[in-house]
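Dropping the structure in here first, questions after.
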Amino acid sequence: MSFHEKSAWIMGLLLSLTGYWYLSRVWALSDALGETAPPVMGLIAGATIMLIVGAVISHIIIGVINPDEASGAEDERDKQVLRRAGKIAGYVLGFGIFAGLWSYYFQRDGNLLFHIAVASLIASQVAEYALTILFYRRGM
């Protein structure tokens, strides 16, 4: 397994867990308020810090386990896999943002638009990591 594939596995898992934590907190807060919760900077900062710390620690570990692979440059296959996964993930992001805009148009709820945009960012990154893994596994 290449360094990029290992990184995709780790980041996909970290982002899925952090995204689930963040969105479940927003959901619970919204349920308690009886309306869509406004953005909470502490919650956003907490999720960001958790993700950064997890990413740094996990990448240090996979870099120490196989230092030659970690310091190697991207080859043409890596570039093609990452480019294709990123392109498709961009469609996921675009769809989510478009859905958020339509939601805002009909409901006039800016807080919901914010949370849909955050969920779209999370979904597009998870999709990019999942597609990266898929493309490496298919031997693209």
*Taking side-chain hydrogen bond (donor to acceptor under 3.5 Å, both in side chains) as the test, write out the residues that go with Ser120, two or more places apart.*
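Checked Ser120 against side-chain hydrogen bond (donor to acceptor under 3.5 Å, both in side chains); zero matches.
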*asked:* Starting from Ile133 and following side-chain heavy-atom contacts under 4.5 Å between hydrophobic residues (I, L, V, M, F, W, Y), which residues can be reached?
replied: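 Noted: Ile133 shares its cluster with Met1, Trp9.
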*Does Val126 belong to the same Ile/Leu/Val/Met/Phe/Trp/Tyr cluster as Tyr136, with side-chain heavy atoms less than 4.5 Å apart forming each link?*
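No, no single cluster joins them.
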Listing, residues 34-54 side-chain donor-acceptor contacts under 3.5 Å, not counting sequence neighbours, or none:
from, atom 1, to, atom 2, distance (Å)
Thr36, OG1, Asp109, OD2, 2.8
Thr48, OG1, Ile44, O, 2.8

_Nearest heavy-atom neighbours spanning Ile116 and Gly96_ =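 Heavy atoms only, the tightest pair is CG2-O, 3.5 Å.
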_Pairs involving residues 3-25, ordered by first then second residue, that meet salt bridge (charged side-chain N to carboxylate O under 4.0 Å, His left out) (sequence neighbours left out)_ =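 Those involving residues 3-25 are Glu5-Arg137, Lys6-Glu69.
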*Who are the side chain to side chain contact (heavy atoms under 4.5 Å, CB included) partners of Asp75, not counting sequence neighbours?*
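Arg77, Asp78.
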*From CA spacing to verdict: side-chain contact (heavy atoms from CB on, under 4.5 Å), His4, Leu82*: CA-CA 9 Å; His4 293 290; Leu82 298 174; 4.1 Å; yes
*What residues join Leu17 in its hydrophobic cluster, counting side-chain heavy atom gaps under 4.5 Å, either direct or through other members?*
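Its cluster mates, by chain and number, are Leu13.
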*asked:* Quick check for you: to the nearest 0.5 Å, what is the distance between Ile10 atom CD1 and Ile57 atom CD1?
replied: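 Rounded to the nearest 0.5 Å, the CD1-CD1 separation comes to 11.5 Å.
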*Where does the angle between the aromatic ring planes of Tyr22 and His115 fall among parallel (under 30°), tilted (30 to 60°) and perpendicular (over 60°)?*
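Judged by the thresholds at 30° and 60°, the geometry between Tyr22 and His115 is tilted.
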_Once side-chain hydrogen bond (donor to acceptor under 3.5 Å, both in side chains) is applied, do any residues pair with Ser124, and if so which ones, sequence neighbours excluded?_
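For Ser124, no residue satisfies side-chain hydrogen bond (donor to acceptor under 3.5 Å, both in side chains) once neighbours in sequence are set aside.
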*Specify the closest pair of heavy atoms between Leu131 and Ala89, including all atoms of both residues, with the distance to one decimal.*
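Heavy atoms only, the tightest pair is CD1-N, 4.4 Å.
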*Answer with yes or no whether the hydrophobic clustering places Val26 together with Leu15; edges join I, L, V, M, F, W, Y residues whose side-chain heavy atoms lie under 4.5 Å apart.*
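Hydrophobic grouping puts Val26 with Leu15.
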*Could you list the residues that satisfy side chain to side chain contact (heavy atoms under 4.5 Å, CB included) with Tyr105, not counting sequence neighbours?*
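Trp102, Arg108.
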*Cluster overlap Leu33 with Leu23, hydrophobic side-chain contacts below 4.5 Å*: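 They do share one cluster, since a chain of ILVMFWY contacts under 4.5 Å joins Leu33 to Leu23.
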*Remaining members of the apolar cluster that contains Tyr91, side-chain heavy atoms under 4.5 Å*: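 Under the 4.5 Å side-chain rule, Tyr91 groups with nothing.
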_Hydrophobic cluster partners of Leu121 (side-chain heavy atoms under 4.5 Å)_ =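 For the cluster that includes Leu121, the remaining residues are Leu93, Ile97, Leu101, Tyr104, Leu113.
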*Heavy atoms only: give me the nearest Tyr129-Ala8 pair and the separation to one decimal.*
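Distance-wise, the nearest heavy atoms are CB-O, 3.6 Å.
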Can you give the donor-acceptor pairs under 3.5 Å from side chains of residues 59-67 to other protein atoms, not counting sequence neighbours?
from, atom 1, to, atom 2, distance (Å)
His59, ND1, Ala55, O, 2.8
His59, NE2, Ser7, OG, 2.7

